[in-house]
Amino acid sequence: LHLLEGMITPSGLHFERSHSGIPDIDPDQHRLVIHGLVKRPLSFTVEALSRYPMQSRIAFLECAGNSQALNAPQAQPLDVTAIHGLLGCSEWTGVRLATLLDEAGVDPAARWVIAEGADAASMSRSIPLAKAMDDALVCLYQNGERVRPSNGYPMRLLLPGFEGNMNVKWLRRLKLTADPAMTKDETSRYTILLKNEKAWQFVFPIEVKSLITRPSPGLALKGPGFYEISGLAWSGSGSIRQVEVSADGGRSWAPAALQGPILPKAPVRFRAAWQWNGGAAVLQSRATDDTGMVQPTRTQFADQRGLRGVFHYNAIASWRIDEKGEASNVYA
Ligand SMILES: Nc1nc2c(c(=O)[nH]1)N[C@H]1C(S)=C(S)[C@@H](COP(=O)(O)O)O[C@H]1N2
Ligand SMILES: [Mo]
């Protein structure tokens with residue numbers, strides 16, 4: 001993350017999170033089946049899907065467990081990729097799920113789509129039908145090339161803005177149902193444990209978030225002077241409206257410039273000019289999305305949810321710059 005520019009992650013550098021390794025799928029044998037509460041159950045080969053009208057969209061993908069290192073009681077000596085590296089952004093190309101569901105003919109009783117992967121984990125999640133009909137894509141391509149084996153070849157589901165695990169890789173089955181399936185991946189996993197012994201289930205969109213990629217650990221400043229503070233901001237609920245940057249641990253804030261394109265459910269690159277006087281400083285960024293959601297401080301986040309849940313951590317992050325110009329992870 002600290003060495004990249006712009007908003008797109010090259011496919012070969014996209015993070016990979018697989019619960020049971022990468023299956024070795026023969027694209028000629030692979031099928032995508034749509035069944036359940038539909039008039040006409042359908043089965044697609046990769047070849048057949050490739051003949052449907054396709055769309056491209058730029059969207060981020062973030063693991064629900066990203067940044068969970070910041071739940072630790074003491075700030076750990078980690079860099080931006082070790083803390084926040086389960087984030088990527090691609091231009092995804094595929095067939096709209098709505099197109100396929102329309103062809104299958106959705107029964108009016110259907111409310112959910114259960115998506116299942118062809119890996120040993122049979123990763124499965126229940127997706128609200130409204131999302132499936134809105135902007136879900138069955139992706140065949142990532143950044144212009146075939147989706148790589150590690151990212152779901154020959155096809156994966158993209159649910160723009162929704163937590164990573166719902167974007168089922170090696171997609172093989174979509175079952176329409178009246179109720180959620182309550183799969184292992186949405187009951188024992190991917191619920192958000194709160195501080196009061198309760199848990200949130202089915203928290204789909206990633207909340208507004210940002211991070212500074214430069215300066216960051218491993219990119220030492222070379223003496224006092226002018227530097228650009230740069231990073232990424234994103235929200236699963238919409239577009240980024242504003243990013244503010246602080247160099248004094250959140251006491252004062254200045255607006256950062258947003259580099260276009262500013263797309264919904266895609267990261268935005270922000271930039272702010274900074275004159276480093278050579279003294280200790282604490283750099284922070286704070287994003288606001290177009291629903292009005294603002295990134296909380298770590299204290300606010302802990303007050304609301306506690307720090308026992310490992311998912312959807314989106315609090316403001318801090319890099320301390322020391323007199324030598326080295327950056328480190330701190331809580332401020
Ligand atoms: N079939 C299947 N789909 C899956 C997974 C998996 O293990 N199996 N992992 C999920 C998780 S937890 C995340 S964060 C994203 C990661 O996508 P990526 O590996 O392409 O970055 O895929 C999701 N889709
Ligand atoms: Mo994940």
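Quick caveat: nothing in here was measured; it's all calculated off a predicted structure. Atoms within each ligand, like the ligands themselves, are counted from 1 in listed order.
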Rounded at 0.5 Å granularity, tell me how far CG in Leu87 sits from OG1 in Thr81.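 Leu87 CG to Thr81 OG1: 10.0 Å, rounded to 0.5 Å.
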Look only at interatomic distance and state if [X] has a nitrogen or oxygen under 3.5 Å from any nitrogen or oxygen of ligand 1.
X: Ser18; result: no
X: Ser20; result: no
X: Arg17; result: yes

Taking only heavy atoms of [X] into account, list the atoms of ligand 1 that are under 4.0 Å away from them.
X: Gly117; value: 1 (N)
X: Cys63; value: 14 (S)
X: Asp119; value: 1 (N), 2 (C), 6 (C), 7 (O), 8 (N)
X: Gly164; value: 13 (C), 14 (S), 15 (C), 22 (O), 23 (C)
X: Phe15; value: 14 (S), 16 (C), 18 (P), 19 (O), 21 (O)
X: Glu16; value: 19 (O), 21 (O)
X: Asn167; value: 22 (O), 23 (C), 24 (N)

Any heavy-atom pair between the side chains of [Y] and [X] that's under 4.5 Å?
X: Asn143; Y: His14; result: no
X: Leu49; Y: Leu100; result: yes
X: Leu101; Y: Leu176; result: yes

Regarding atom 19 (O) of ligand 1: of the candidates Lys169, Met123, Arg189, Glu116, which has the closest heavy atom?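 Among Lys169, Met123, Arg189, Glu116, the closest heavy atom to atom 19 (O) of ligand 1 comes from Lys169.
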Which of the listed options, Glu62, Arg156, His14, Arg125, holds the heavy atom that is closest to atom 17 (O) of ligand 1?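 Closest candidate by heavy-atom distance is Arg156.
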Donor-acceptor list for residues 210-219 side chains, cut-off 3.5 Å, not counting sequence neighbours:
residue : atom : partner : partner atom : Å
Ser210  : OG   : Ser285  : O            : 3.4
Ser210  : OG   : Ser285  : OG           : 2.8
Ser210  : OG   : Gln295  : OE1          : 2.6
Thr213  : OG1  : Ser230  : O            : 3.2
Thr213  : OG1  : Arg269  : NH1          : 3.0
Arg214  : NH1  : Glu5    : OE2          : 3.1
Arg214  : NH2  : Glu5    : OE2          : 2.9
Arg214  : NH2  : Glu228  : OE1          : 3.1
Ser216  : OG   : Thr213  : O            : 2.8

Tell me the protein heavy atom at minimum distance from [atom], and give that distance in Å.
atom: atom 10 (C) of ligand 1; answer: Asn165 CA, 3.5 Å
atom: atom 12 (S) of ligand 1; answer: Tyr190 OH, 3.1 Å
atom: atom 7 (O) of ligand 1; answer: His19 N, 2.6 Å

Kindly indicate whether a cation-pi arrangement holds for Arg298 with Tyr331, taking the cut-offs as under 6.0 Å to the six-membered ring centre and within 45° of the axis.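 Yes, cation above the ring, under 6.0 Å and within 45°.
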Side chain, backbone, both or neither: which applies to Trp170 and ligand 1 if a contact is any heavy-atom pair less than 4.0 Å apart?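 Near ligand 1, Trp170 shows its side chain, while the N, CA, C and O stay back.
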Are side-chain N/O atoms of Gln201 and Thr191 paired as donor and acceptor at under 3.5 Å?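 Distance-only check fails for Gln201 and Thr191.
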Kindly assign one of parallel, tilted or perpendicular to the pair Phe204 and Trp112, based on the angle between their ring planes and the thresholds 30° and 60°.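 Phe204 and Trp112: perpendicular rings.
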Taking the six-membered ring for Trp and the single ring otherwise, decide whether the centroids of Tyr52 and Phe44 are under 6.0 Å apart.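 Yes, close enough.
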In a table with atom names and distances, give each donor-acceptor pair under 3.5 Å that connects a side chain of residues 155-162 to protein atoms at least two apart or in another chain.
residue : atom : partner : partner atom : Å
Arg156  : NH1  : Asn151  : O            : 3.1
Arg156  : NH2  : Asn167  : O            : 2.9

